[in-house]
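Notes follow the structure.
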Number of protein chains: 2
Amino acid sequence: MTIGAMESSRTVDSGGGRRQATRQKLYEAAVTLIAEQGFSATTVDEIAERAGVAKGTVYYNFASKSVLFEELLRHGVGLLTASLREAAEGTARDGGSKVDALDAMIRAGLVFIDRYPAFTQLYVAELWRTNRAWQSTLMVVRQEAVAVVENVLRDGIANGELSDEIDTPLTASALVGMVLVAALDWQAFQPERSLDDVHSALSRLLQGRVGGDGLGHK
Amino acid sequence: MTIGAMESSRTVDSGGGRRQATRQKLYEAAVTLIAEQGFSATTVDEIAERAGVAKGTVYYNFASKSVLFEELLRHGVGLLTASLREAAEGTARDGGSKVDALDAMIRAGLVFIDRYPAFTQLYVAELWRTNRAWQSTLMVVRQEAVAVVENVLRDGIANGELSDEIDTPLTASALVGMVLVAALDWQAFQPERSLDDVHSALSRLLQGRVGGDGLGHK
DNA sequence: GTTTTTGAACTGACTGGTCAGTGCAAAAGC
DNA sequence: GCTTTTGCACTGACCAGTCAGTTCAAAAAC
């Protein structure tokens, strides 16, 4: 049971109703199982059982196994995107630089992955697959999240803080990948380390302080 | 059909025998199918059909579906590891710096992903899963590949070229993630761009030339 | 003549999805 | 206040279909 609550209690159509609570339980059950085994290898019976619910309930709440998964994806990436946006805006309010904003977003990414590792695993495992039912959904939510990073990069270029030679989409992808893989490896192989620890290592890389004296070499 | 040949014709136990050729065909068929659909969703019948081979042949050559997949994994990561090592050694022979070695390995990674995109997809999709039959195999081959990067980082720290404050395993993971995600996004969303183009964007990031004047800001 | 492949038939376990029926809390009727 | 009705949420046995893996006699390749 590696996943956190993922409540957020005030979702789109909140309503503390029984229905909503059941859906939440199903999300939580599905996310861990699918992260471990993959979508196809996870049966609806398993999901229902772990959620403490009858199989029929799954189909009462979701049109199909795929739809359940798709809505889970939307839900999760939505949380991430909101978190990234908040981080970026936080530094903007404080008059911070764009590099500070990137740094804050790295931290937000790490916090998210730390909180919802199972969701992250499942997201990574599905993102680059092709020919799947939920491809288009995934594409849309991915773009929403990456766009937050891209916007910060663009702003930084616009105000001269970042080189205008950087490739916005590619650099954004690379930054996301950096955080994603470092965080997953952290969770998988060095879970005892602190978030601050990981953050500072990535921060150093972001700011090009890899060379021995803090300046880039060639 | 997004995958390249993956022949390498001179693999571990080469033997141009008929048997080896059949296994090769099965690898190629399996890699694309599993990359697209995932392991569980891919049937043995499909693999056999795409390989142009009878189902019985699959079981004549491999003990089971899982074993076929596991050997495929070993085979593919072996190619990557060899390629990374070669890149690192190439710059060492030319008396290049360790940053040059890292740069060469980034390029080698891109070349690999460009050549075997399907394998890369499948690898990423499986790497952080838990509770799977081939977990341990995957762990071993992953470590072999990452170790090549870690060694270059360590060498760079030892000779003072890189800061001794960098976190070797985390930085290695982050670099791998950077290349992995940037390359997969390149393939998926901007396949028309050239490898050199992608490489230079990542190179810039590696060398910390993101800030407007080529120096890190704070 | 030995190795490898073929291809079709078969099995037994498992899976997504269905559906008739249950439980129950609030509304309606008295 | 008490009884009856309504309909939402849930249940779990069931079904039709699918799949990994087996078997094997015969053909093909070497």
Side-chain angles (χ1 to χ4, degrees), chain A residues 11-73 122 126 129 131-134 137, chain B residues 11 13-73 122 126 131-134 137:
Chain A
T11 333
V12 188
D13 60 332
S14 55
R18 193 150 65 115
R19 192 101 188 273
Q20 212 55 31
T22 303
R23 291 170 78 100
Q24 188 61 35
K25 278 195 295 181
L26 286 170
Y27 280 156
E28 287 170 29
V31 82
T32 50
L33 287 168
I34 296 179
E36 283 171 8
Q37 310 175 324
F39 175 81
S40 308
T42 301
T43 67
V44 176
D45 285 299
E46 279 178 312
I47 296 173
E49 189 192 344
R50 180 167 306 195
V53 140
K55 186 176 186 177
T57 304
V58 177
Y59 286 95
Y60 181 78
N61 283 279
F62 299 96
S64 69
K65 187 187 174 190
S66 299
V67 168
L68 160 58
F69 183 55
E70 215 166 316
E71 297 197 7
L72 170 60
L73 280 174
L122 155 174
E126 290 298 333
R129 278 211 207 301
N131 306 337
R132 306 231 80 178
W134 50 81
T137 299
Chain B
T11 335
D13 61 331
S14 54
R18 193 152 62 113
R19 193 104 189 270
Q20 213 53 240
T22 303
R23 293 169 76 100
Q24 187 62 38
K25 278 194 295 183
L26 286 170
Y27 281 157
E28 289 171 26
V31 83
T32 50
L33 287 167
I34 296 178
E36 284 170 7
Q37 311 175 325
F39 176 80
S40 309
T42 301
T43 69
V44 175
D45 286 298
E46 278 178 313
I47 296 173
E49 188 192 342
R50 180 168 305 195
V53 140
K55 186 177 182 180
T57 305
V58 176
Y59 285 95
Y60 181 78
N61 283 280
F62 299 95
S64 68
K65 186 187 174 188
S66 299
V67 169
L68 161 57
F69 184 56
E70 213 166 319
E71 297 196 8
L72 169 60
L73 237 29
L122 158 173
E126 290 298 331
N131 305 337
R132 306 231 79 178
W134 49 81
T137 300

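Below, read A as the first sequence line, B as the second, and so on, with proteins coming before strands; counting in each chain starts at 1. Predicted model only: the values in this text are computed from it and were never measured.
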Atom pair distance, as rounded to whole Å: [atom1] in [X] and [atom2] in [N]:
X	N	atom1	atom2	result
B/R23	C/dT3	CZ	P	17 Å
B/Y60	C/dA8	OH	P	20 Å
A/F62	C/dG16	CZ	P	15 Å
A/L26	D/dA9	CG	P	14 Å
A/I47	C/dG17	CD1	C1'	13 Å
A/E46	D/dG12	CD	C1'	17 Å

**OP:** Look at the side-chain N and O atoms of B/N61 and state whether any lies under 4.0 Å from the OP1 or OP2 oxygen of C/dT4.
**Re:** no
Original post:
Are OP1 or OP2 of C/dT6 and a side-chain N or O of B/T57 less than 4.0 angstrom apart?
Top reply: yes
**OP:** List the steps, then state whether side chain to side chain contact (heavy atoms under 4.5 Å, CB included) holds for A/F39 with B/S40.
**Re:** CA-CA 8 Å; A/F39 175 81; B/S40 309; over 6 Å; no
When you compare the side chain of [Y] with that of [X], does any pair of heavy atoms fall below 4.5 Å?
X	Y	value
B/R23	B/Q20	yes
A/L68	A/Y27	yes
B/T43	B/L33	no
B/N61	B/V53	no

**OP:** Please identify each residue that fulfils side-chain contact (heavy atoms from CB on, under 4.5 Å) with B/A29, with sequence neighbours left out.
**Re:** B/I47, B/R50, B/A51
Subject >> Ion pair A/R129/A/E126, N-O distance below 4.0 Å >> reply: yes
Original post:
Yes or no on side chain to side chain contact (heavy atoms under 4.5 Å, CB included) for A/L122 and A/L73, after CA distance, side-chain angles and deciding distance?
Top reply: CA-CA 9 Å; A/L122 155 174; A/L73 280 174; 3.7 Å; yes
**OP:** Provide the closest heavy-atom pair for B/A41 versus A/R132 in the form atom of the first, atom of the second, distance.
**Re:** CB-NH2, 3.9 Å
Original post:
How is the base pairing of DNA chain C summarised as a dot-bracket string, given the Watson-Crick and G-U wobble criteria with both distances under 3.5 Å, [ ] for crossing and | for another strand?
Top reply: ||||||||||||||||||||||||||||||
Report all interatomic pairs (protein N or O, nucleotide N or O of nucleotides 19-21 of chain D) with separations under 3.5 Å.
from, atom 1, to, atom 2, distance (Å)
D/dA20, OP1, B/T42, O, 3.2
D/dA20, OP1, B/K65, NZ, 3.0
D/dA20, OP2, B/V44, N, 3.1
D/dG21, OP2, B/Y59, OH, 3.0
D/dG21, OP2, B/K65, N, 3.1
D/dG21, N7, B/K55, NZ, 2.9
D/dG21, O6, B/K55, NZ, 2.9

